[in-house]
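Let me begin by presenting the structure, written as structure tokens, before commenting on it.
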Amino acid sequence: MGKGQSFCRGQIALHGKKPVLILALDGAVCLVAKLYLPRTARHRSDIDRSETPLLLRNTIVRAGDLLRCRVTDLRPMADGLLCVGEDILQRVERAARREMECQASEQLPAGVVRSTWRAPRWGSCGRKIGGVPSE
């Protein structure tokens, strides 16, 4: 690709030394999602990429970790040949939207959203085991 490289949506590039997935391009600025190696600790916004190119098959796209960067900060990976399909891009966008909604609801002050947790009743010894259930 060299000087004046052009990137497209769905292409995998390097931002610094880390691989990223390009989600959107707008002139000189782009929106990218970071790629991580699979770990035991998973986040709710992780998207598995097991059906993508062999070079980055065992990676996870974290949709909650989006980054806005300049196109000039990106470098092509594998001469710009690594791209993902539109279905994976749509899954990442849905997960990013869902993650933003979850983060917004977590920022609400206490008492706005009613909790489903109920404290135990005073004098209750817990669930009754044995005997007639109507007692």
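Keep in mind the model is a prediction, meaning the values are calculated, not measured.
The hydrophobic cluster containing L14 also contains L21, counting ILVMFWY residues as joined when their side-chain heavy atoms lie under 4.5 angstrom apart, directly or transitively. V71 and L67 end up in the same hydrophobic cluster when Ile, Leu, Val, Met, Phe, Trp and Tyr side chains are linked at under 4.5 Å. Linking ILVMFWY residues whenever their side-chain heavy atoms come closer than 4.5 Å, directly or via other members, leaves M100 and V61 in distinct clusters.
Judged purely by atom type and a 3.5 angstrom limit, Q11 uses its side chain to pair as donor or acceptor with the backbone of C8.
The side chain to side chain donor-acceptor pair (under 3.5 Å) search around Q107 returns none, not counting sequence neighbours.
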- Output, in order, the C-alpha distance, side-chain angles, deciding distance and verdict of side-chain contact (heavy atoms from CB on, under 4.5 Å) for V92 and L23. CA-CA 8 Å; V92 172; L23 295 177; 3.7 Å; yes
- Just do the side-chain contact (heavy atoms from CB on, under 4.5 Å) check on C69 and V29 with the steps written out, would you? CA-CA 6 Å; C69 65; V29 180; over 6 Å; no
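One distance of note links CG of L31 with CZ of R9; it measures 10.0 Å at 0.5 Å rounding. Here the straight-line distance linking atom CG of L35 with atom NE2 of H15 works out to 13.0 Å at 0.5 Å rounding. The CG atom of L74 sits 5.0 Å away from atom CD1 of I22, with the distance rounded to the nearest 0.5 Å. For the atom pair E93 CD and L66 CG, the distance stands at 9.5 Å (nearest 0.5 Å). Between the CD atom of E101 and the CD atom of Q103 there is a distance of 11.0 Å, given to the nearest 0.5 Å. From D26, atom CG reaches atom CZ of R68 across 8.5 Å, with rounding to the nearest 0.5 Å.
Annotation: side chain of V20 is not in contact with side chain of I12 (no heavy-atom distance under 4.5 Å). By the 4.5 Å heavy-atom criterion applied to side chains, F7 and P76 are counted as neighbours.
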